[in-house]
Number of protein chains: 2
Amino acid sequence: MTRVLLVEDDSTLARALAITLRSRGYDVTVARDGASGIRDASSARPDVVVLDLGLPDMDGTEVITSLRTWSQMPIIVLSARDGQSDKVAALDAGADDYVGKPFGIEELMARLRAATRRAAPRDDEPVVDAGELVIDLAAARVRRSGVDVRLTPTEWHVLEVLVRRKGTLVTRADLLREVWGPAYESQTNYLRVYLAQLRRKLEHDPSRPRHLITEAGLGYRFEI
Amino acid sequence: MTRVLLVEDDSTLARALAITLRSRGYDVTVARDGASGIRDASSARPDVVVLDLGLPDMDGTEVITSLRTWSQMPIIVLSARDGQSDKVAALDAGADDYVGKPFGIEELMARLRAATRRAAPRDDEPVVDAGELVIDLAAARVRRSGVDVRLTPTEWHVLEVLVRRKGTLVTRADLLREVWGPAYESQTNYLRVYLAQLRRKLEHDPSRPRHLITEAGLGYRFEI
DNA sequence: GAGCGGTGTCAAGGATCCGTCAACGAAACG
DNA sequence: CGTTTCGTTGACGGATCCTTGACACCGCTC
């Protein structure tokens, strides 16, 4: 059964949509705000998210960005705002589709079918387990041998980019662009400093790293 | 470069869209009707199709159905008809997205980006398997009989160029230009050194290479 | 079989890159 | 307003890698 996470603060609309979805055979979870939407997405593991942009606690695109840090699950956006820039922002943040209100229920259903149809199974783990290291991408937490490790925002950001592409090489330019922005693509000394700090906090023997691997001349790689 | 097939009979709109798309760096092919659209889709192999439903020769959903018999390429539908049933029919026929006319050009661009972004990871085979040698171009990783082989940046770069054109001859000048730059086109001694190093690391019997083949007087070739 | 062009092999600088440490200043916090 | 935490630099030793030159080898021609 296809699982749908519905993130919608308007309880009337939420109830109506949930009823319709269930009548079509979907398994529906409802979240009332962005924060619980993000939480439920990692716990309930829906096959598709239907997200209202007008949430009380946070901006809708932030929800999308947050989900996209660890998951490729389809996201269909509902919005009363019909401006071009809202659509572009949501889609470029990682949304798969954008439906303006008011919308026809049959159209939404068709877009839902289209989104689930093309969704291919891939590794979408919010929690990455690398032996004594456990990294929860959704909750932004790192545990080493069971105890929480405190990371600074930048340290976390670097680790997140590496873990999201675990096993594959991340070039220095990619890493710098994603964490510090396009203007810093040649500041390779930042990486040296932060990789050293991460290793000191995460590796058993920082001088002989087993997870945060240097590919000399190319970049870095997170190894499980 | 991303290739777009634009199937549109209105020549004014087709020209305007083609200009915009090309200015954004897309490679655009235009088809005037459904039949040639289907033909071009199989010959030009676009990364994404933008399809106007209102075509002179056949119904738009038939075009979608026909494409879907052999391809999963993203299809974005444009349509002046704004009825629910048209949208549902097109989406259920296999379209990925449906944009009603009149549409904003920025919205279409954003939806195009969303469609290609989704499709990107599975479009071509990044892993090359040559018996005991497994080369993962995306992850920048080489395995020989199951164990990782460490390559220096230049070694990797040379191997990458050869593997990308596996089976075909790569001339010395091509190889030197791609790895060291246009100024080094005659430094053929570099190639001798690096090919020898690669063979030492990758070949079972470096003096009798089975994958990194020399084409005397011409260049090199990667054989599977 | 000697000469020759093209190719493979090896080793040794010398340049570059990486890890580490320390210090400074800015920002966050109470 | 003082304290603490972070992010940013710079410097330096050491490891790695690129380059270069010398020499051996092979197939071919004469």
Side-chain angles (χ1 to χ4, degrees), chain A residues 140 142 148-162 169-181 183-223, chain B residues 140 142 148-162 169-173 175-181 183-222:
Chain A
V142 186
D148 272 13
V149 178
R150 250 186 64 75
L151 296 183
T152 73
T154 309
E155 285 167 3
W156 168 254
H157 206 164
V158 171
L159 181 66
E160 181 189 337
V161 172
L162 288 170
L169 172 79
V170 183
T171 65
R172 282 191 299 248
D174 279 3
L175 207 42
L176 286 162
R177 194 172 340 100
E178 286 217 47
V179 178
W180 281 272
Y184 292 76
E185 277 193 20
S186 48
Q187 295 284 341
T188 61
N189 48 329
Y190 286 17
L191 295 182
R192 296 210 297 275
V193 172
Y194 275 93
L195 264 293
Q197 288 176 2
L198 282 171
R199 283 183 183 134
R200 192 147 11 102
K201 292 185 176 181
L202 303 180
E203 294 278 1
H204 176 70
D205 181 355
S207 62
R208 248 183 304 280
R210 292 174 51 215
H211 302 297
L212 296 162
I213 310 293
T214 299
E215 294 284 347
L218 297 169
Y220 295 88
R221 177 203 310 278
F222 187 87
E223 196 70 57
Chain B
V142 184
D148 273 11
V149 179
R150 253 185 61 76
L151 297 183
T152 73
T154 309
E155 286 166 3
W156 168 254
H157 207 161
V158 170
L159 180 66
E160 190 186 354
V161 172
L162 288 171
L169 171 77
V170 182
T171 66
R172 281 194 294 250
L175 207 43
L176 285 162
R177 196 173 338 104
E178 286 216 47
V179 178
W180 280 272
Y184 293 76
E185 278 192 19
S186 47
Q187 296 282 343
T188 62
N189 49 328
Y190 286 15
L191 294 181
R192 296 210 301 276
V193 171
Y194 276 94
L195 265 293
Q197 287 177 2
L198 281 172
R199 283 179 183 138
R200 187 143 28 92
K201 291 185 176 179
L202 303 179
E203 294 278 0
H204 177 70
D205 181 357
S207 61
R208 248 182 304 281
R210 291 173 51 214
H211 302 298
L212 296 161
I213 311 294
T214 300
E215 296 283 351
L218 300 170
Y220 295 89
R221 181 159 49 90
F222 186 87

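What you see is a predicted model, and the numbers here were worked out from it, not measured in a lab.
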> What integer distance in Å separates A:R221:CZ from C:dC18:P?
Replying inline: 15 Å

> Is B:Y194 close to B:L159 at the side-chain level, that is, under 4.5 Å between some pair of heavy atoms?
Replying inline: no

> Just how far is it from atom CG of A:L198 to atom OG1 of A:T152, taken to the nearest 0.5 Å?
Replying inline: 7.5 Å

>> Using OP1 and OP2 only, check whether a side-chain N or O of A:Y220 sits under 4.0 Å from C:dG19.
In response: yes

>> Distance check needed: C:dC10 P versus B:L198 CG, whole Å only.
In response: 15 Å

>> Does a side-chain N or O of A:T154 approach OP1 or OP2 of D:dC6 to a distance below 4.0 Å, or not?
In response: no

> Can you tell me how far the CG atom of A:L218 sits from the CZ atom of A:R172, to the nearest 0.5 Å?
Replying inline: 7.5 Å

>> What is the separation between atom CD1 on B:I213 and atom P on C:dG8, rounded to the nearest whole Å?
In response: 11 Å

>> Nearest whole Å is fine: how far is D:dC17 C1' from B:W156 CH2?
In response: 18 Å

>> Output the rounded distance in Å from CD (A:Q187) to P (D:dT8).
In response: 9 Å

> To 10°, what angle do the rotation axes through the five end pairs on each side of the helix from C:dG1-D:dC30 to C:dG30-D:dC1 form?
Replying inline: 30°

> Considering only side-chain heavy atoms of B:V193, which listed nucleotide, D:dC18, C:dT9, C:dG8, is closest?
Replying inline: C:dT9

> Between B:E203 (side chain) and B:R210 (backbone), is there a donor-acceptor pair under 3.5 Å?
Replying inline: yes

>> How many whole angstroms separate atom CD of A:E203 from atom P of C:dT20?
In response: 11 Å

>> Ring-plane angle category for B:H211 and B:F222, please: parallel below 30°, perpendicular beyond 60°, tilted otherwise.
In response: parallel

>> To the closest 0.5 Å, what do you measure between CG (A:L202) and CG (A:L151)?
In response: 6.0 Å

>> Please identify which of these residues, A:I213, A:V170, A:L191, A:L212, meets the side-chain contact (heavy atoms from CB on, under 4.5 Å) condition with A:Y220.
In response: A:L191

>> Is there a side-chain contact between A:T152 and the phosphate of D:dG7, meaning an N or O under 4.0 Å from OP1 or OP2?
In response: yes

>> Any base atoms under 4.0 Å from A:R200, or only sugar-phosphate, or nothing? Heavy atoms, all strands.
In response: nothing

>> Can you see if the side chain of A:Y194 gets near the phosphate of D:dG7 - specifically, an N or O under 4.0 Å from OP1 or OP2?
In response: yes

>> Could you tell me how far apart A:D205 (CG) and C:dT20 (C1') are, to the nearest whole angstrom?
In response: 14 Å

>> Base, sugar-phosphate or nothing for B:R150? Non-hydrogen atoms, less than 4.0 Å.
In response: sugar-phosphate

> Nearest to the side chain of B:T214 - D:dG7, C:dT7, D:dC18?
Replying inline: C:dT7

> Could you state the interatomic distance from OG1 (B:T188) to CG (B:L176), rounded to the nearest 0.5 Å?
Replying inline: 7.5 Å

> So what does B:Y184 hit on the nucleic acid, given a heavy-atom distance under 4.0 Å: a base, only sugar-phosphate, or nothing?
Replying inline: nothing

>> Please report the distance, rounded to the nearest Å, between CZ in B:R192 and P in D:dG21.
In response: 12 Å

> Out of D:dC17, D:dC6, D:dT8, which has the shortest distance to the side chain of A:Y190?
Replying inline: D:dT8

>> Side-chain N or O of A:W180 versus OP1/OP2 of D:dG7: is the shortest distance under 4.0 Å?
In response: no

